Amino acid sequence: VMESVEPGDIVLTRQASYLTGILIPGYWTHASMYMGSKKELADMFGSDFSELEDLLDFDTDEPILLEAVGAGVSASRAKHALQADSVIVLRPKVGVYDKLRALKFILENLNKEYNFTFDFSDEESFICSELVYKAYSDRETGDQNLGFEIKSILGNWTFTPQDMFDSFVGGNEKLEMVVCFLHNKY
């Protein structure tokens, strides 16, 4: 997987042994964004990498995945975070600047709390799919750059990792599949 991904890619995972496999609807139960290593970021963004470099609060050149988990919004070593039963990587068909802005949004929200109410209107906490959804939304207009649509579940506006996958399968031309492992097989 690591050789195929690039900064800004969306990573959907399923870990059958985790409680999220029961609580989150659908097959895909977790969403995150691949940030990569500092070298990957510098190669992709060139001089614009400085916009991210000031936000990097960790000293490692290992590839990093940005995600919202029970402990909050965090940067995890990709090697550890990608140890799941199933993984699919979706590449947004957007410009480099949109990917830079998406990564910057998540880095600016590192350490914010997990949104246990699953309510998208809460701007101070995030669920995993909400973090990716909002990262690829235009901050000025509120438009969703990848064509994702939130829905109401039990009175809360939300969007699940499965909804991301369903958008791709449903013909979302702003996403392309990079790699897919199901049950640890290509």
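Along the sequence shown, the residues carry numbers beginning at 1. Below, each value reflects all heavy atoms present in this structure, side chains not excepted, and no hydrogens, waters or symmetry copies. Bear in mind the structure is a predicted one, so any value in this text is a computation, not a measurement.
- The salt bridge (charged side-chain N to carboxylate O under 4.0 Å, His left out) contacts involving residues 154-165 comprise Lys151-Asp163, where partners must be two or more places apart or lie in separate chains.
- Screening residues 102-121 for salt bridge (charged side-chain N to carboxylate O under 4.0 Å, His left out), with sequence neighbours left out, gives Glu51-Lys104, Lys112-Glu124.
- For the atom pair Leu100 CG and Asp48 CG, the distance stands at 6.0 Å (nearest 0.5 Å).
- Looking at Ile10 and Leu146, their side chains come closer than 4.5 Å, going by heavy atoms from C-beta outward.
- In this structure, the side chains of Met35 and Leu52 stay at 4.5 Å or more apart for every pair of heavy atoms.
- The two residues Asn172 and Ser167 come nearest to each other via the heavy atoms ND2-OG, 2.8 Å.
- Atom CE of Met164 and atom OG of Ser129 lie 5.0 Å apart (nearest 0.5 Å).
- With rounding to the nearest 0.5 angstrom, the CD1 atom of Ile106 is 9.0 Å from the CG atom of Leu65.
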Go through the steps to decide whether Val11 and Met33 satisfy the test side-chain contact (heavy atoms from CB on, under 4.5 Å), and finish with yes or no.
-> CA-CA 6 Å; Val11 180; Met33 187 179 299; over 6 Å; no
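- Judged by distance alone, with hydrogens and angles left aside, the side-chain atoms of Gln162 form a donor-acceptor pair with the main-chain N or O of Tyr27 at under 3.5 Å.
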Starting from the C-alpha separation in whole Å, work towards a yes-or-no answer on side-chain hydrogen bond (donor to acceptor under 3.5 Å, both in side chains) for Ser76 and Glu67.
-> CA-CA 8 Å; Ser76 306; Glu67 59 187 342; 2.6 Å; yes
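- Heavy-atom minimum distance, Phe126 versus Glu123: CZ-O, 4.1 Å.
- Side-chain contact between Met44 and Val96 is present, with heavy atoms from C-beta onward closer than 4.5 Å.
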Do Val89 and Tyr34 pass the side-chain contact (heavy atoms from CB on, under 4.5 Å) test, and can you show the C-alpha distance, the side-chain angles, and the key distance before you say yes or no?
-> CA-CA 9 Å; Val89 178; Tyr34 183 79; over 6 Å; no
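- The existence of a salt bridge linking Asp61 and Lys38 is excluded, since no basic side-chain nitrogen approaches an acidic carboxylate oxygen closer than 4.0 Å.
- No side-chain heavy atom of Leu131 sits under 4.5 Å from any side-chain heavy atom of Ser32.
- Interatomic distance, CD of Glu40 versus CZ of Phe45, reported as 10.5 Å (0.5 Å rounding).
- The residue from Ile127, Ile150, Thr117 that alone fulfils the side chain to side chain contact (heavy atoms under 4.5 Å, CB included) condition with Thr158 is Ile127.
- Between atom CG of residue Leu41 and atom NZ of residue Lys39 there is a gap of 11.0 Å, rounded to the nearest 0.5 Å.
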Before giving the answer on side-chain contact (heavy atoms from CB on, under 4.5 Å), spell out for His30 and Leu12 the whole-Å C-alpha distance, their side-chain angles and the decisive distance to 0.1 Å.
-> CA-CA 6 Å; His30 187 64; Leu12 302 178; over 6 Å; no
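- Using a 4.5 Å heavy-atom cutoff, the side chains of Thr29 and Gln15 are not in contact.
- The hydrophobic cluster containing Phe49 also contains Phe105, counting ILVMFWY residues as joined when their side-chain heavy atoms lie under 4.5 angstrom apart, directly or transitively.
- With hydrogens and angles disregarded, no donor-acceptor distance shorter than 3.5 Å links the side chain of Lys99 to the backbone of Lys93.
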Where do Phe181 and Ile88 land on the side-chain contact (heavy atoms from CB on, under 4.5 Å) test, with the steps shown first?
-> CA-CA 6 Å; Phe181 288 98; Ile88 187 168; over 6 Å; no
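- Contact detail for Ile64 and Ala75: the closest heavy-atom pair is CG2-CB, 3.6 Å.
- Tyr114 and Phe118 have perpendicular rings, their planes meeting at more than 60° on a 0 to 90° scale where under 30° would count as parallel.
- Following chains of ILVMFWY side-chain contacts shorter than 4.5 Å, one cannot reach Val87 starting from Val69, and the two form parts of different hydrophobic clusters.
- In this structure a side-chain-to-backbone donor-acceptor pair under 3.5 Å is present from Asp9 to Glu6.
- Counting heavy atoms from C-beta outward, Leu90 and Val178 have side chains that stay 4.5 Å or more apart.
- Between the side chain of Asn145 and the backbone N or O of Asp98, no donor-acceptor pair lies under 3.5 Å.
- Closest approach of Ala31 and Cys128 over heavy atoms only: O-CB, 3.2 Å.
- Contact annotation: the side chain of Arg91 never approaches that of Leu175 to less than 4.5 Å [non-hydrogen atoms, C-beta and beyond].
- One distance of note links CD of Glu176 with CZ of Phe168; it measures 8.5 Å at 0.5 Å rounding.
- Under the 4.5 Å side-chain criterion, counting only non-hydrogen atoms from C-beta, Lys174 is not in contact with Val94.
- Looking only at atom types and distance, the side chain of Glu53 has no donor-acceptor partner in the side chain of Ser50 under 3.5 Å away.
- Note on ring orientation: taking the six-membered ring where Trp is involved, the planes of Phe159 and Tyr133 are tilted (angle from 30° to 60°).
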